[in-house]
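Here is the structure we will look at, set down as structure tokens.
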Amino acid sequence: MNIPVTIIGAGLGGLTLARVLHVHGIPSEVYEAEASPTARLQGGMLDIHDYNGQLALEAAGLMDEFRGIVLDGRQALRVLDVDGNVLFERADDGTGGRPEAQRGDLRKMLLDSLPEGTVRWGHKVTGARTLDDGRHEVTFENGATVVAGLLVGADGAWSRIRPLLTGATPEYSGTSIVETYLYDSDTRHAAVAKTVGGGSMFGNGVEPGMGINAHRESGDTLHAYVELDKPLEWFDAIDFTDAEAAKARIAAEFEGWVPELTALITESDIAPIHRPAYALPSGLRWERVPGVTLLGDAAHLALANGEGANLAMLDGAELGKALAARPGDVEAALAEYELAMFVRCETPIEEDFLLESIFGDEIPQQLLNIFERRNG
């Protein structure tokens, strides 16, 4: 290829693309809205699956580095009911296919694997347009512009590059996640820490649409994800700047649950963070537009199911490999990549495979009933 690839967004997908391109000797420039690599926290734990995310890391030549940031023991898993009864428990014996790492550590690993200066920080996109010669111009909030011969939107749910390809926009799913953090959990929140265990914990109600889930992260931190099916107006009525009032209002929805679970809300060391869940239309496709494509949430934003980061990384790796395989025919490479991505995203992972990959081959019927209610 005789043109550099312009990537918008320095998330995991965009950086994986940049890394795979670098491995194949193809230059890229990554433009990121954040001011620096440490401008904000990068989210919580991610399980990187052997059937997608790890394939991307292999293509990027980073599996050894990845093993170095995996947090031992975090594949341990337990599922509880509202009374705190353990429905399922599995220790981390090191043989699972979903090792856990901090999102921030993954991002740093990818950044460190790129030539210095690849990422241009402090470049927030305000718009993009197609020029008369078929190239694409991107405008940034800081007044800068860049004209791209090959443009990739890796800029997430509210992508500014997506409108070049489709008018589709994310819609609220009816479900929100409320995040909380408990620090120094083994000493300051001992009962909750014991309930969560050494890895991931899922607390499930009788009815679908509500749950209290948590990860044990690095530094003795518990990171909880409280799931509620509520309209946006319900959350808008909560003052999340009033930490105690917000915690009390969210916890009230879980009346009757054991305190070891609701304490993941009430004992939070930060004000709860509301994360409404948006999604693009299922099966979204677009007509091929020369010189531009999308990956990750910009292309196929879906409800949280543990696959989003893995799929973004796989998108980046597959796009990088397609461009490397067809250096003299970029459009053929993009068409090949997009078709495979569309098919991949339209082909849901078989539930039996997914459940077995998470829980193994001996799943209690009570646990299967929970999944049937949630999917029915």
* To do: Inspect the contact between E346 and R285 and indicate whether a charged nitrogen and a carboxylate oxygen are less than 4.0 angstrom apart.
  => yes
* Shared hydrophobic cluster, V5 / V125 (ILVMFWY, side-chain heavy atoms < 4.5 Å) -> yes
* Taking the six-membered ring for Trp, are W286 and F342 parallel (under 30°), tilted (30 to 60°) or perpendicular (over 60°)? -> perpendicular
* When you measure from the side chain of D92 to the backbone N and O of Q75, does any donor-acceptor pair fall under 3.5 Å? -> yes
* Structure fact -> One should read off an interatomic distance between I69 CD1 and Q102 CD, to the nearest 0.5 angstrom, of 9.5 Å
* Please name the residue in the list L150, L17, L21, V20 that meets the side chain to side chain contact (heavy atoms under 4.5 Å, CB included) test with I26. => L21
* Counting only N and O atoms by type, is there a donor-acceptor contact under 3.5 Å from the side chain of E217 to the main-chain atoms of M45? -> yes
* Structure fact -> Note: E336 and A322 closest approach over all heavy atoms is OE2-CB, 3.8 Å
* To do: Compute whether any side-chain donor of one residue and acceptor of the other, for R98 and Y51, lie under 3.5 angstrom apart.
  => yes
* Asked: Linking I/L/V/M/F/W/Y whenever their side-chain heavy atoms sit closer than 4.5 Å, directly or via other members, would L71 and M109 fall into one cluster?
  -> no
* Considering all heavy atoms of both residues, which atom of A18 and which atom of S28 are nearest to each other, and what is their separation? -> CB-OG, 3.5 Å
* Asked: For atom CD of E171, is the number of surrounding heavy atoms from other residues, nucleotides or ligands below 6.0 Å larger than 12?
  -> no
* Taking the side chain as C-beta and beyond, is there a heavy-atom pair between V147 and T6 under 4.5 Å? -> no
* May I ask you to check whether W158 and Y278 place their ring centers less than 6.0 Å from one another? => yes
* CG on L264 to CZ on F254, rounded to 0.5 Å -> 10.5 Å
* Asked: Are the side chain of T118 and the backbone of L114 linked by a donor-acceptor contact shorter than 3.5 Å?
  -> no
* Asked: Once you round to the nearest 0.5 Å, how far does CG of L182 lie from CG of D184?
  -> 10.0 Å
* Asked: H24 side chain to H22 main-chain N or O, any donor-acceptor pair under 3.5 Å?
  -> no
* **Step-by-step side chain to side chain contact (heavy atoms under 4.5 Å, CB included) determination, E253 to W234** => CA-CA 12 Å; E253 295 300 305; W234 189 88; 3.6 Å; yes
* Within-4.5 Å side-chain heavy-atom neighbours: T16 and M313 -> yes
All N/O donor-acceptor pairs, side-chain side in residues 55-67, below 3.5 Å, sequence neighbours left out:
| residue | atom | partner | partner atom | Å |
| --- | --- | --- | --- | --- |
| D64 | OD1 | R67 | NH1 | 2.9 |

* Atom NZ of K108 with >12 non-hydrogen neighbours under 6.0 angstrom -> no
* Asked: Quick check: does any side chain N or O of R74 sit under 3.5 Å from a backbone N or O of R216, one acting as donor and the other as acceptor?
  -> yes
* Taking the side chain as every heavy atom from C-beta outward, state whether V82 and V258 have any pair of such atoms under 4.5 Å apart. => no
* Does the salt bridge (charged side-chain N to carboxylate O under 4.0 Å, His left out) test come out yes or no for E32 and R120, once each step is laid out? -> CA-CA 6 Å; E32 168 57 43; R120 317 293 173 86; over 6 Å; no
* What's the shortest heavy-atom distance between I8 and L151, and which atoms? -> CG1-CD1, 3.7 Å
* Asked: Which atom names give the shortest non-hydrogen contact between M341 and A299, and what distance separates them?
  -> SD-CB, 3.8 Å
* Show the numbers, then the answer: is there a salt bridge (charged side-chain N to carboxylate O under 4.0 Å, His left out) between D155 and R162? => CA-CA 9 Å; D155 49 341; R162 188 191 300 123; over 6 Å; no
* Calculate, to the nearest 0.5 Å, the distance between atoms CD and CG belonging to E100 and D47 respectively. => 4.5 Å
* To do: Indicate, with yes or no, if L311 and L110 share a hydrophobic cluster defined by side-chain heavy-atom contacts under 4.5 Å among Ile, Leu, Val, Met, Phe, Trp and Tyr.
  => no
* **A10 backbone acceptor or donor facing R107 side chain under 3.5 Å** => yes
* To do: Identify the two heavy atoms, one from T266 and one from K247, that lie closest to each other, and give their separation to 0.1 Å.
  => O-NZ, 3.5 Å
* Within the side chain of R78, is there an N or O that forms a donor-acceptor pair under 3.5 Å with the backbone of G197? -> no
* Asked: With a 4.0 Å cut-off, would you call D315 and R344 a salt bridge?
  -> yes
Identify each donor-acceptor pair in which a side-chain atom of residues 289-298 lies under 3.5 Å from a protein atom, sequence neighbours left out, and give them as a table.
| residue | atom | partner | partner atom | Å |
| --- | --- | --- | --- | --- |
| T293 | OG1 | E338 | OE2 | 2.7 |

* Asked: Are the side chains of L77 and E89 in touch, meaning some heavy atoms are under 4.5 Å apart?
  -> no
* Could you walk me through whether H123 and W121 pass the side chain to side chain contact (heavy atoms under 4.5 Å, CB included) check? -> CA-CA 6 Å; H123 282 72; W121 302 98; 5.9 Å; no
* To do: Under the side chain to side chain contact (heavy atoms under 4.5 Å, CB included) rule, what do R275 and F235 come out as? Steps first, then yes or no, please.
  => CA-CA 10 Å; R275 307 284 193 196; F235 291 98; over 6 Å; no
* **Which atom of L164 lies closest to which atom of A128, heavy atoms considered** => CD2-O, 3.7 Å
* Asked: Got a donor-acceptor contact below 3.5 angstrom from the T126 side chain to the T139 backbone?
  -> yes
* Distance-only side-chain donor-acceptor flag, E227 / Y225, under 3.5 Å -> no
* To do: Using modelled atom types only, decide if a donor and an acceptor are shared between the side chain of D220 and the backbone of D186 within a distance under 3.5 Å.
  => yes
Can I get a per-line list of side-chain donor-acceptor pairs under 3.5 Å for residues 267-274, giving both atom names and the distance, sequence neighbours left out?
| residue | atom | partner | partner atom | Å |
| --- | --- | --- | --- | --- |
| E267 | OE1 | H189 | ND1 | 2.7 |
| S268 | OG | Y181 | N | 3.4 |
| S268 | OG | Y181 | O | 3.4 |
| S268 | OG | I270 | N | 3.2 |
| S268 | OG | I270 | O | 2.8 |
| D269 | OD1 | R188 | NH1 | 3.3 |
| D269 | OD1 | R188 | NH2 | 3.0 |
| D269 | OD2 | Y183 | N | 2.7 |
| D269 | OD2 | R188 | NH1 | 2.9 |
| D269 | OD2 | H189 | NE2 | 3.1 |
| H274 | NE2 | S176 | OG | 2.8 |

* To do: Report the distance from atom CE of M210 to atom OG1 of T175, rounding to the nearest 0.5 Å.
  => 12.0 Å
* **Spatial distance of atom CG (N213) from atom CG (L261) [nearest 0.5 Å]** => 9.5 Å
* Within the side chain of N310, is there an N or O that forms a donor-acceptor pair under 3.5 Å with the backbone of H49? -> yes
* To do: Go through the steps for L87 and L80 under the test side chain to side chain contact (heavy atoms under 4.5 Å, CB included), then give the verdict.
  => CA-CA 5 Å; L87 305 180; L80 309 181; 6.0 Å; no
* Common cluster, L280/L303, ILVMFWY with side-chain heavy-atom separation under 4.5 Å -> no
* Asked: Linking I/L/V/M/F/W/Y whenever their side-chain heavy atoms sit closer than 4.5 Å, directly or via other members, would I177 and L46 fall into one cluster?
  -> no
